[in-house]
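Some notes on the structure that comes next.
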Amino acid sequence: MKYYLISGEASGDLHASNLVRELKQLDPAAEFRGFGGDLLAKEGMHLVRHYRDLAFMGFAEVILHLRTILNNISFCKNDIREWKPDAVILVDYPGFNLRVAPFVKELGIKVFYYISPQVWAWKQSRVFRIREVVDRMFCILPFEKDFYAKFDFEVDFVGHPLLDAIAREENSEPALADDGRKIIALLPGSRGQEIKTMLPVMLSAASRFPEFRFVIAGAPSQPEKFYRGLMNGNSTEIVFGKTYALLRQSHAAIVTSGTATLETALHAVPEVVCYRGSTVSYQIAKRLVKVDYISLVNLVMGKEVVKELIQSEMNAGTISAELKKITADTNSRQKMLDDYAVLREKLGGPGASRRTAELIIKNLGA
């Protein structure tokens with residue numbers, strides 16, 4: 001079978017690469033091609049576009065780069081038409097993937113969606129379009145199955161693939177040699193735009209805690225010189241491609257909202273969640289988004305487990321205050337860790353990648 005995958009960011013690259021690994025075991029003659037990153041390439045997928053050239057954050061930024069995005073969509077459609085895959089597997093990244101899906105459907109190619117777009121958060125009308133153009137949706141958050149059922153669309157809850165990804169890294173080497181200090185991980189995101197916004201503020205807060213060893217989790221898609229250019233001579237350590245190993249060694253973390261908030265929680269690391277976008281993007285999102293929280297941890301739990309500092313609330317002072325709570329206040333730390341244990345149970349057991357691969361093979365009749 002020939003599989004075309006489309007992933008537009010780091011987390012999608014991770015989960016798609018684990019799915020490809022399972023598909024190869026079930027379908028040894030499988031061929032893979034598409035959009036993704038280094039992890040998918042490592043699994044043998046022929047990469048036609050890297051996600052570092054696709055990721056634009058926020059409504060305003062998307063508008064500014066609209067021509068590039070449209071050109072990539074056109075290229076993708078032509079590439080699929082010429083390669084003639086048996087299935088196209090869309091991985092999150094809805095702004096792009098939901099524009100490609102109708103075209104693929106018209107070609108008579110099976111369309112699978114792995115990791116549902118967050119339609120439950122905003123623009124719920126997209127469900128009707130998804131129902132028309134997606135043959136099978138594989139969801140990773142427990143509440144999504146009930147959400148789609150309200151629109152008469154049967155989907156599969158396969159569990160969260162992070163559980164597999166984290167388990168696979170449990171025995172990897174430590175990210176750093178121990179120097180006696182407790183480590184605070186800084187996870188400023190993977191996209192250039194968000195790193196530029198988040199990292200300087202995180203470092204400003206870090207400067208108030210000389211007793212800790214702060215370490216930046218560098219995104220593999222960004223060169224070290226990019227980070228150093230934002231740090232004004234700050235000598236904070238950076239490790240690349242070792243985020244999970246870093247989290248296993250960490251006492252706490254400051255994290256940009258996104259998949260990393262869940263990764264941090266599943267490593268049982270108390271965290272402060274931060275987000276700041278452009279004013280225009282934030283004001284648009286504020287009017288459209290219909291959820292009470294921005295972090296996946298709080299969304300899955302349905303309550304505030306981790307503190308979210310958004311826009312103007314995200315500054316060195318507020319980050320410092322929240323970091324102090326989760327490093328110095330034993331009760332605050334334990335309460336968060338107890339909630340993390342419940343979170344893990346809600347996300348289902350390991351095996352999401354395997355279950356998804358088996359369902360794809362079954363639906364293809366292979």
Side-chain angles (χ1 to χ4, degrees), residues 141-143 160 162-163 166-167 169-170 174-176 178-189 198-199 201-217 236-237 243-276 291-350:
L141 297 174
F143 57 79
H160 206 292
L162 276 181
L163 294 167
I166 291 170
E169 293 286 328
E170 281 181 352
L176 303 155
D178 186 3
D179 71 355
R181 291 177 294 169
K182 290 180 178 178
I183 294 172
I184 307 295
L186 301 180
L187 280 66
M198 310 300 291
L199 184 58
V201 186
M202 289 181 174
L203 289 173
S204 180
S207 67
R208 304 183 181 195
F209 296 85
E211 70 274 23
F212 291 117
R213 181 183 182 185
F214 286 86
V215 182
I216 299 166
T236 299
E237 297 167 88
T243 300
Y244 287 2
L246 172 61
L247 286 172
R248 286 201 307 275
Q249 292 181 267
S250 297
H251 182 63
I254 305 172
V255 187
T256 295
S257 179
T259 304
T261 63
L262 201 53
E263 291 172 314
T264 303
L266 291 175
H267 278 91
V269 178
E271 64 185 302
V272 181
V273 175
C274 304
Y275 178 80
R276 182 190 290 173
V291 292
D292 296 325
Y293 306 104
I294 64 168
S295 72
L296 286 170
V297 176
N298 292 345
L299 284 167
V300 172
M301 291 293 286
K303 65 176 185 177
E304 185 182 82
V305 172
V306 297
K307 183 65 176 181
E308 300 176 351
L309 301 176
I310 307 171
Q311 291 301 97
S312 61
E313 290 185 352
M314 184 214 158
N315 56 66
T318 53
I319 293 175
S320 298
E322 294 302 324
L323 184 59
K324 187 173 182 179
K325 286 181 185 178
I326 61 173
T327 55
D329 185 335
T330 303
N331 290 334
S332 294
R333 281 184 64 83
Q334 192 56 52
K335 177 65 167 64
M336 193 174 291
L337 293 172
D338 290 343
D339 283 332
Y340 283 175
V342 177
L343 171 72
R344 179 178 282 272
E345 291 179 9
K346 284 179 173 285
L347 292 175

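The side-chain heavy atoms of V273 and V297, taken from C-beta on, include no pair separated by under 4.5 Å. Residues V215 and T236 have side chains not in contact (no heavy-atom distance under 4.5 Å, counting atoms from C-beta outward).
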Start with the C-alpha distance between V272 and L309, add both sets of side-chain angles, then the distance that settles side-chain contact (heavy atoms from CB on, under 4.5 Å), and finish with yes or no. CA-CA 8 Å; V272 181; L309 301 176; 3.7 Å; yes
Determine whether K307 and E271 satisfy the following criterion, salt bridge (Lys or Arg N to Asp or Glu O under 4.0 Å), listing intermediate values before the conclusion. CA-CA 8 Å; K307 183 65 176 181; E271 64 185 302; over 6 Å; no
Verdict with reasoning, V269 to V255, per side-chain contact (heavy atoms from CB on, under 4.5 Å): CA-CA 11 Å; V269 178; V255 187; over 6 Å; no
Evaluate the criterion side-chain contact (heavy atoms from CB on, under 4.5 Å) for residue pair T327 and I184; output intermediate values, then yes/no. CA-CA 9 Å; T327 55; I184 307 295; 4.0 Å; yes
Full working for side-chain contact (heavy atoms from CB on, under 4.5 Å) between I216 and L203: CA-CA 9 Å; I216 299 166; L203 289 173; 4.3 Å; yes
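Taking CG of L163 as the reference point, atom NE2 of H160 lies at 7.5 Å (rounded to 0.5 Å). Annotation: the span from L176 atom CG to R181 atom CZ amounts to 10.0 Å, rounded to 0.5 Å. We find the OG-CZ distance between S250 and R213 to be 10.0 Å, quoted to the nearest 0.5 Å. Between the OG atom in S257 and the CE atom in M198 there is a gap of 8.5 Å [rounded to 0.5 Å]. To the nearest 0.5 Å, the span separating CG on D329 from CD on E322 amounts to 11.0 Å. Between the CZ atom of R248 and the CD1 atom of I166 there is a distance of 10.0 Å, given to the nearest 0.5 Å.
K335 has a carboxylate O that lies under 4.0 Å from a charged side-chain N of D339, or vice versa, which qualifies the two as a salt bridge.
Scanning both residues, T261 and S295, for their nearest heavy atoms gives OG1-CB, 4.0 Å. Closest approach of A268 and L337 over heavy atoms only: O-CD2, 3.4 Å. Considering all non-hydrogen atoms of both residues, R208 and S320 come closest at CD-OG, 3.2 Å. The two atoms that bring A245 and A175 nearest to each other are CB-N, 3.7 Å, heavy atoms only. Contact detail for I326 and A253: the closest heavy-atom pair is CD1-O, 4.4 Å.
With C274 as the fixed residue, the side chain to side chain contact (heavy atoms under 4.5 Å, CB included) test singles out one of I310, I254, T318, N315: I254.
Between F212 and F214, the ring planes lie perpendicular to each other; the angle is over 60°, past the 30° to 60° tilted range.
Of the N and O atoms on the side chains of E304 and Y293, not one donor lies less than 3.5 Å from an acceptor on the other residue. A donor-acceptor contact closer than 3.5 angstrom is absent between the side chains of E313 and Y275.
Judged purely by atom type and a 3.5 angstrom limit, R344 uses its side chain to pair as donor or acceptor with the backbone of L266. Judged purely by atom type and a 3.5 angstrom limit, R333 has no side-chain atom pairing as donor or acceptor with the backbone of P270. Here the side chain of T256 pairs a donor or acceptor atom with the backbone of L187 at under 3.5 angstrom. The main-chain N or O of I294 is found under 3.5 Å from a side-chain atom of E308 such that the two form a donor-acceptor pair.
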